[in-house]
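Given the structure is predicted, the values throughout are model-derived calculations rather than measurements.
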Amino acid sequence: MTTYVWDYLPEYEKEKDDLLDAVGKVFASGRLVLGESVKGFEEEFAAHHGGGWCTGVDNGTNALKLALEAMGVGAGDEVITVSNTAAPTVVAIVSTGATPVFVDVGEEDFLIDTDQVEAAVTERTKVLLPVHLYGQCADMEPLRRIADRHGLKILEDCAQAHGARHHGRLAGTMGDAAAYSFYPTKVLGAYGDGGAVLTSDQETDLALRQLRYYGMGEAYYVLRTPGHNSRLDEVQAEILRRKLGRLDTYVAGRNAVARRYEEQLGDLTGPGRLQLPATGPGNTHVYYVYTVRHPRRDAIIEALKAYDIQLNISYPWPVHTMSGFAHLGYTAGSLPVTEKLAREIFSLPMYPSLPTGLQDKVISALREVLVEQEGE
């Protein structure tokens, strides 16, 4: 039996009755688009984060794009972010006509290096877009100070950080708006695509509601362009409502898996050896993925295939090195920490319903491979 980094079937078996009930409720409601399930999820998701407004959209990429547009970002503007992220972060920026400007990340936590941000600010900068990566938050206090000094907005990319906290504050509550993905692998995952934008500004929320629905304020009348067809699906919204109540349980399950990895692999760590995830100051980690480092990453992943274990790299190609973004003008060596990480990081299986036996299999195999690789 092949072991993968993620599998939804154990969770589905546990929650099947509730999930199928959610689908049945929507189908019997008589309203399949922008009905009570979307409205209910938006209200409950906002309440979970302490208030404000939530707009459900069709996926996390469009959550970022529409949030940027609602903030007035467009052609000629710049958005400061990182290259050590999933490509959709940058795809969303480019799709507005704006230019992404990259800064490097920290060597230990892999998050945006806030010491480099202010030097990247120009008269064209409009938004800072920190990515809360792998399950923990970027350091938001210095970013807020920079934003306030320069009159900038902050958009948090929370696709990988549902439930994570920074000095007690939930991811998504520290900027001017926050974008979420509910792709099935996420800490709070749907059974298909989904996304949302959270904001404490009602005007931004109003703009988002228009942007997701062709730019319309009411049926058939367009108030703003460009508009989009980017609505959260009723079925996914109802599933997310059910799962939102279990978010703390999912986070606890992920932390339990992370503790076992740390307990069982900690003696194999050190300089030039395996490095386990580091949690930043003031952070509570939700372990969307369990990302480790080793200078012989590729050989380790290849050796683990003999044990029928397929691991993942998040991410093997820094965004600034991809041919699709060559027009941005970055060259090899532009972001040295990001580029080094891309050669060394890989992720171990991580999901709250990961069976203990599969985790033991991964730990045992990885220990054997590490001893063999480091003995050569």
Side-chain angles (χ1 to χ4, degrees), residues 11 15 18-19 21-23 25-26 29 31 33-67 70-71 131-132 135 137 140 154-166 168-213 230-252 254 284 286 288 352:
E11 175 191 282
E15 302 180 0
D18 190 41
L19 295 169
D21 181 73
V23 175
K25 177 182 177 181
V26 172
S29 71
R31 182 73 179 268
V33 178
L34 292 183
E36 289 302 311
S37 292
V38 169
K39 181 175 181 290
F41 174 71
E42 290 173 338
E43 293 173 349
E44 292 157 17
F45 195 70
H48 179 83
H49 289 83
W53 292 268
C54 172
T55 301
V57 298
D58 53 344
N59 56 65
T61 308
N62 282 338
L64 288 164
K65 177 183 178 180
L66 270 61
M71 290 176 163
V131 179
H132 299 323
C137 297
M140 295 299 293
I154 296 178
L155 173 60
E156 299 174 64
D157 184 339
C158 297
Q160 302 186 12
H162 310 108
R165 291 180 182 270
H166 181 62
R169 298 184 65 179
L170 277 170
T173 65
M174 296 171 281
D176 297 284
Y180 296 82
S181 168
F182 303 119
Y183 187 73
T185 62
K186 303 302 184 185
V187 180
L188 178 62
Y191 276 66
D193 276 315
V197 182
L198 189 70
T199 182
S200 58
D201 181 68
Q202 193 169 17
E203 297 255 336
T204 300
D205 181 69
L206 177 61
L208 286 161
R209 292 180 182 279
Q210 293 171 356
L211 286 165
R212 77 169 176 188
Y213 192 58
S230 296
R231 302 167 297 214
L232 178 62
D233 179 79
E234 274 287 288
V235 171
Q236 301 303 336
E238 187 61 35
I239 289 172
L240 287 166
R241 292 181 76 181
R242 311 294 179 96
K243 295 188 70 176
L244 179 60
R246 298 188 280 269
L247 178 56
D248 289 345
T249 301
Y250 299 148
V251 170
R254 288 173 178 272
T284 56
V286 296
Y288 165 58

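- Annotation: side chain of Met140 is in contact with side chain of Ile154 (closest heavy-atom distance under 4.5 Å).
- Rounded to the nearest 0.5 Å, atoms CD (Gln236) and OG (Ser37) are 11.0 Å apart.
- With ring centers used as reference points, Phe182 lies under 6.0 Å from Phe45.
- The ring-ring contact (aromatic ring centres under 6.0 Å, His included) test applied to Tyr183 returns no partner, not counting sequence neighbours.
- Annotation for Leu155 and Ala179: closest pair CD1-N, 4.0 Å, computed over non-hydrogen atoms.
- Residues satisfying the ring-ring contact (aromatic ring centres under 6.0 Å, His included) criterion with His166, sequence neighbours excluded, are absent altogether.
- With sequence neighbours left out, the ring-ring contact (aromatic ring centres under 6.0 Å, His included) criterion links His132 to no other residue.
- When all heavy atoms of Ala46 and Leu198 are compared, the closest pair comes out as CA-CD1, 3.8 Å.
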Go through it in stages, so that I can follow the logic: the residues are Glu156 and Thr173, the test is side-chain contact (heavy atoms from CB on, under 4.5 Å), and I'd like the CA-CA distance, side-chain angles, deciding distance and then a yes or no. CA-CA 9 Å; Glu156 299 174 64; Thr173 65; 5.6 Å; no
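- Within the 4.5 Å cutoff, the side chain of Val38 has no heavy atoms near those of the Glu238 side chain.
- For the salt bridge (Lys or Arg N to Asp or Glu O under 4.0 Å) test, residues two or more places apart in sequence or in another chain that qualify with Arg212 are Glu42.
- Scanning for side-chain contact (heavy atoms from CB on, under 4.5 Å) contacts around Ala70 gives Thr204, Ala207, Leu208, Leu211, with sequence neighbours left out.
- Interatomic distance, Thr55 OG1 to Leu206 CG, rounded to the nearest 0.5 Å: 9.0 Å.
- Under the 3.5 Å distance criterion, the side-chain polar atoms of Arg31 are matched with a main-chain donor or acceptor of Val33.
- Residue pairs meeting the salt bridge (Lys or Arg N to Asp or Glu O under 4.0 Å) criterion with at least one partner in residues 184-193, sequence neighbours excluded, do not occur; the list is empty.
- For Tyr250 and His162, the distance between ring centers is not under 6.0 angstrom.
- Scored by the salt bridge (Lys or Arg N to Asp or Glu O under 4.0 Å) test, Arg246 finds Glu15, Asp18 as partners (sequence neighbours excluded).
- The distance from the CZ atom of Arg242 to the CG atom of Leu19 is 8.5 Å, given to the nearest 0.5 Å.
- Distance check: Glu36 CD to Lys25 NZ gives 8.5 Å after rounding to the nearest 0.5 Å.
- We find the CG-OH distance between Asp233 and Tyr191 to be 15.5 Å, quoted to the nearest 0.5 Å.
- Partners of Glu44 according to the salt bridge (Lys or Arg N to Asp or Glu O under 4.0 Å) rule, which considers only residues two or more places apart in sequence or in another chain, are Arg241.
- Considering NZ of Lys65 and CG of Asn59, their distance stands at 10.0 Å, rounded to 0.5 Å.
- The side-chain hydrogen bond (donor to acceptor under 3.5 Å, both in side chains) check on Lys243 picks up Glu11, with sequence neighbours excluded.
- Take Tyr288 and apply the ring-ring contact (aromatic ring centres under 6.0 Å, His included) test, not counting sequence neighbours, and it matches no residue.
- Take Asp176 and apply the salt bridge (Lys or Arg N to Asp or Glu O under 4.0 Å) test, not counting sequence neighbours, and it matches Arg144.
- Counting all heavy atoms, side chain and backbone alike, Leu244 lies closest to Leu188 at N-CD1, 3.8 Å.
- Side chains of Leu66 and Ser230 form a contact here, defined as non-hydrogen atoms less than 4.5 Å apart.
- Listed by first and then second residue, the salt bridge (Lys or Arg N to Asp or Glu O under 4.0 Å) pairs that reach into residues 196-205 are Asp205-Arg209, sequence neighbours excluded.
- Contact of the Tyr213 side chain with the Arg231 side chain is registered, since non-hydrogen atoms from C-beta on lie closer than 4.5 Å.
- Of all heavy-atom pairs spanning Ala159 and Asp157, the tightest one is N-OD1, 3.2 Å.
- Considering all non-hydrogen atoms of both residues, Tyr180 and Ala63 come closest at O-CB, 3.7 Å.
- Of all heavy-atom pairs between Ala164 and Cys137, the closest is CB-SG, 4.1 Å.
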